[in-house]
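Quick one: the structure is below, and I'll ask about it shortly.
The structure presented is a predicted model; accordingly, all values stated were derived computationally and were not measured. Scope of the values below: all heavy atoms of this structure, side chains included, with no hydrogens, waters or symmetry mates.
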Amino acid sequence: QELPEVVLLKFFRSENTPGPARPTPEQLSNLIKTSLHYPESFNHSFHQKSLCLVPVTLLLSNCSQAVVDVMIDLRHKTTSPEALEIHGSFTWLGQTQYKLQLKSQEVYSLQLKACFVHTGVYNLGTPRVFAKLADQVTLFETSQQNSMPALIIINNI
């Protein structure tokens, strides 16, 4: 009776075994979707009170399946002369930076106050939002895609 032929098995391990797929910069810049909610126009009597305060809601939506660290910076100003001519300058009142963590698909609502000293058309779309995956050890967050300008009209009554 013949013995079955013995075959040696060799196991190969590629030296450049891919690790977990890293998200592309494009994916990282779309982790958080933002939207601003505010009145289209706001009437204020500047004669009675020189400061006009308008409540604004910044809605942050985590579009990913992962936990995301988010940083919001309100200190960013539009400095181009054309933008200032059209929109003018305003100030965010209160805290100027926020750090929070959003769970997968979580929506977070941040209450802000915009302060105006003159009538005019203003662009409220100045908050800068940065995000990174919570489990990634990176020194910087990726800037999130900014939406369209968020224009508000301030009227004197």
Side-chain angles (χ1 to χ4, degrees), residues 18-157:
R22 291 187 62 79
T24 65
E26 174 72 18
Q27 289 169 318
L28 286 176
S29 68
N30 287 296
L31 291 173
I32 301 293
K33 182 176 173 280
T34 61
S35 60
L36 284 167
H37 299 270
Y38 56 92
E40 229 172 79
S41 66
F42 196 85
N43 295 326
H44 178 79
S45 174
F46 285 96
H47 302 298
Q48 289 179 352
K49 203 171 179 188
S50 59
L51 295 180
C52 170
L53 303 181
V54 179
V56 177
T57 301
L58 175 60
L59 215 56
L60 303 153
S61 308
N62 181 353
C63 300
S64 75
Q65 298 298 320
V67 177
V68 175
D69 287 333
V70 183
M71 204 267 294
I72 299 115
D73 188 356
L74 300 177
R75 296 170 305 171
H76 181 62
K77 291 276 180 248
T78 308
T79 51
S80 68
E82 314 81 57
L84 284 174
E85 276 174 33
I86 300 167
H87 309 301
S89 184
F90 72 97
T91 305
W92 291 108
L93 280 192
Q95 193 173 331
T96 56
Q97 283 189 308
Y98 297 84
K99 284 188 186 220
L100 38 117
Q101 196 171 68
L102 296 183
K103 296 179 187 68
S104 166
Q105 305 293 311
E106 184 181 352
V107 176
Y108 185 84
S109 176
L110 191 59
Q111 302 306 314
L112 305 172
K113 277 213 184 315
C115 178
F116 305 90
V117 293
H118 300 290
T119 59
V121 178
Y122 297 87
N123 179 11
L124 295 176
T126 60
R128 291 179 29 217
V129 178
F130 302 91
K132 74 177 185 64
L133 297 174
D135 61 359
Q136 287 203 327
V137 185
T138 51
L139 295 173
F140 60 92
E141 290 97 349
T142 306
S143 181
Q144 299 302 289
Q145 299 276 327
N146 205 346
S147 54
M148 300 302 282
L151 300 179
I152 184 171
I153 301 166
I154 303 297
N155 299 306
N156 190 21
I157 52 170

State, to 0.1 Å, how close Asn156 and Ser45 come at their nearest heavy-atom pair, and which atoms those are.
->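 For Asn156 and Ser45, the tightest heavy-atom pair comes out as OD1-CA, 3.6 Å.
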Quick one: do the Gln101 and Asp69 side chains pair a donor with an acceptor below 3.5 Å?
->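 Present: a donor and an acceptor within the cut-off.
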Straight-line distance of Leu112 CG to Leu124 CG, nearest 0.5 Å |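 Here the rounded value is 9.5 Å.
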Could you pull out the closest heavy-atom pair between Lys113 and Pro55, with the gap in Å?
->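 Shortest heavy-atom contact: NZ-CB, 4.5 Å.
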Donor-acceptor contact present, side-chain Asn123 to main-chain Pro149, <3.5 Å =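 Checking the backbone N and O of Pro149 against the side chain of Asn123, no donor-acceptor pair under 3.5 Å is found.
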Which atom pair, heavy atoms only, marks the closest approach of Gln97 to Asp73?
->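 Between these two residues, the closest heavy atoms are CG-OD1, 3.9 Å.
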Residues in ring-ring contact (aromatic ring centres under 6.0 Å, His included) with Tyr108, at least two apart?
->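 With sequence neighbours excluded, Tyr108 shows a ring-ring contact (aromatic ring centres under 6.0 Å, His included) to no residue whatsoever.
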Do any N or O atoms from the side chain of Asn62 and from the backbone of Glu106 form a donor-acceptor pair under 3.5 angstrom?
->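 It does not hold such a pair.
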Between Asn155 and Ser41, is a side-chain contact (heavy atoms from CB on, under 4.5 Å) present by the stated rule, with each step listed?
-> CA-CA 7 Å; Asn155 299 306; Ser41 66; 4.0 Å; yes
Mind checking what makes side-chain contact (heavy atoms from CB on, under 4.5 Å) contact with Val117, not counting sequence neighbours?
->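 Residues passing side-chain contact (heavy atoms from CB on, under 4.5 Å) with Val117: Leu51.
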Heavy-atom pair with the smallest gap, counting every atom of Ser64 and Ser104 =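 Where Ser64 meets Ser104 most closely, the heavy atoms are O-OG, 3.5 Å.
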Inter- and intrachain pairs under side chain to side chain donor-acceptor pair (under 3.5 Å), touching residues 49-59, at least two apart |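 Only Thr57-Gln111 qualify under side chain to side chain donor-acceptor pair (under 3.5 Å).
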Just how far is it from atom CG of Leu133 to atom CD of Gln65, taken to the nearest 0.5 Å?
->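 Atom-to-atom, Leu133:CG and Gln65:CD are 12.0 Å apart.
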State which residue, out of Val56, Ile154, Ile153, Val54, fulfils the side chain to side chain contact (heavy atoms under 4.5 Å, CB included) condition with Pro39.
->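 Of the listed residues Val56, Ile154, Ile153, Val54, the side chain to side chain contact (heavy atoms under 4.5 Å, CB included) partner of Pro39 is Val54.
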Separation between CZ of Arg128 and CZ of Arg75, rounded to the nearest 0.5 Å =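 Result: 8.5 Å between the selected atoms.
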Check the pair Ile72 / Thr34 against side-chain contact (heavy atoms from CB on, under 4.5 Å), numbers first and verdict last.
-> CA-CA 11 Å; Ile72 299 115; Thr34 61; over 6 Å; no
More than 12 heavy atoms of other groups within 6.0 Å of Gln48 CD |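 Open: at most 12 neighbouring heavy atoms sit under 6.0 Å from CD of Gln48.
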Any Asp135 side-chain heavy atom under 4.5 Å of Val67 side chain |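 Asp135 does not reach Val67 side chain to side chain.
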Flag, side chain of Tyr38 to backbone of Leu58, donor-acceptor distance under 3.5 Å =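 No, Tyr38 side chain to Leu58 backbone: no donor-acceptor pair under 3.5 Å.
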His118, NE2 atom: more than 12 neighbouring heavy atoms under 6.0 Å |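 Count not over threshold, so no.
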How far does CG of Leu102 sit from CD1 of Ile32, to the nearest 0.5 angstrom?
->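 Leu102 atom CG to Ile32 atom CD1 measures 4.5 Å (nearest 0.5 Å).
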Result of checking Phe90, Trp92, Phe46 against Phe116 for ring pair (Phe, Tyr, Trp, His ring centres under 6.0 Å) |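 Of the listed residues Phe90, Trp92, Phe46, the ring pair (Phe, Tyr, Trp, His ring centres under 6.0 Å) partner of Phe116 is Phe90.
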From Leu110 CG over to Leu36 CG, what is the distance, rounded to the nearest 0.5 angstrom?
->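 It comes to 10.0 Å.
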